[in-house]
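When a ligand or atom number is given, it counts from 1 through the structure's own listing order. For clarity, every value in this text was computed on a predicted model and none was experimentally measured.
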Amino acid sequence: MPRLVSAVLLSAAVVTLAAGCGSGDDTKGTSAGDTALAPEASTGSSDDLTATLVDAKGTKVGTAEFAAKNGGVEVSVEVTGLPPGFHGFHLHSIGVCEPDSVSPTDPTMKGDFLSAGGHIGAKETHHGEHPGDLPSLFVEKSGAGSLEFVTDAVTLADLTDDDGSAVMIHAGRDNYANIPERYAPNGPDETTLNTGDAGARIACGPIEGSGQGGS
Ligand SMILES: [Cu+2]
Ligand SMILES: [Zn+2]
């Protein structure tokens, strides 16, 4: 450090000489600045999970991170290059993201990222109450979007079960199966109760990491 300080003083002296007047700037040269950048590093943990989101062409469109928080999971996602507006955003039950793949539950269905199966918890209850149902992702006009929230409906261990899990972005909006009775006197149909009608799957990311110790 002494070396740096003397270099700063020297250059300040040169500037002062060159300028020919004594407006010496003494406020520079106190160099605590570098250490102030550190705090972010402390939030990382080896238990955290991550996912790289790709579109059907395999192009990376974003990343998601999952960290244990308050007995649940804090989710942070950032995307770019997606169509503006609201998008259905879910945790799907299988950690496989293959374009143009066959649905594991319905072999007659084929489409992008169907390999990831349905929403986590789809067998137990209806959409809107699935543990894998998440807040909608809003994408700005630029194609960029970000979202951070906590869900206590899943744990990191749920996301790292035997067949893994995947984070999914849909083409359309999620209605959370919230269909007014005046449209559906007998209640929403099966598709709505399973999916929330968010449409095609446009980006998918297998969730990776051990997740051990997080619950
Ligand atoms: Cu989904
Ligand atoms: Zn759902």
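Ring centers of H92 and H170: under 6.0 Å apart, within the cut-off.
Taking the side chain as every heavy atom from C-beta outward, L114 and V102 never approach each other to under 4.5 Å. Between D152 and N70, the closest side-chain pair of non-hydrogen atoms is not below 4.5 Å.
Between the Zn ion (ligand 2) and the N, O or S atoms of H130, the shortest distance is to ND1. Atom ND1 is the N/O/S atom of H127 found closest to the Zn ion (ligand 2).
Side-chain atoms of D158 come within 3.5 Å of backbone atoms of T155 as a donor-acceptor pair (strictly under, hydrogens ignored).
Between atom CG of residue D112 and atom CD of residue E98 there is a gap of 11.0 Å, rounded to the nearest 0.5 Å.
Taking the Zn ion (ligand 2) as the corner point, the angle from D133 atom OD1 to H119 atom ND1 is about 100° (rounded to 10 degrees).
Protein N/O/S atoms closer to the Cu ion (ligand 1) than 2.8 Å number 3 in this structure.
Among residues two or more places apart in sequence or in another chain, the side chain to side chain donor-acceptor pair (under 3.5 Å) test is passed with N175 by D197.
Screening N178, D133, T195, N194 for a side-chain hydrogen bond (donor to acceptor under 3.5 Å, both in side chains) involving H127 leaves a single residue, D133.
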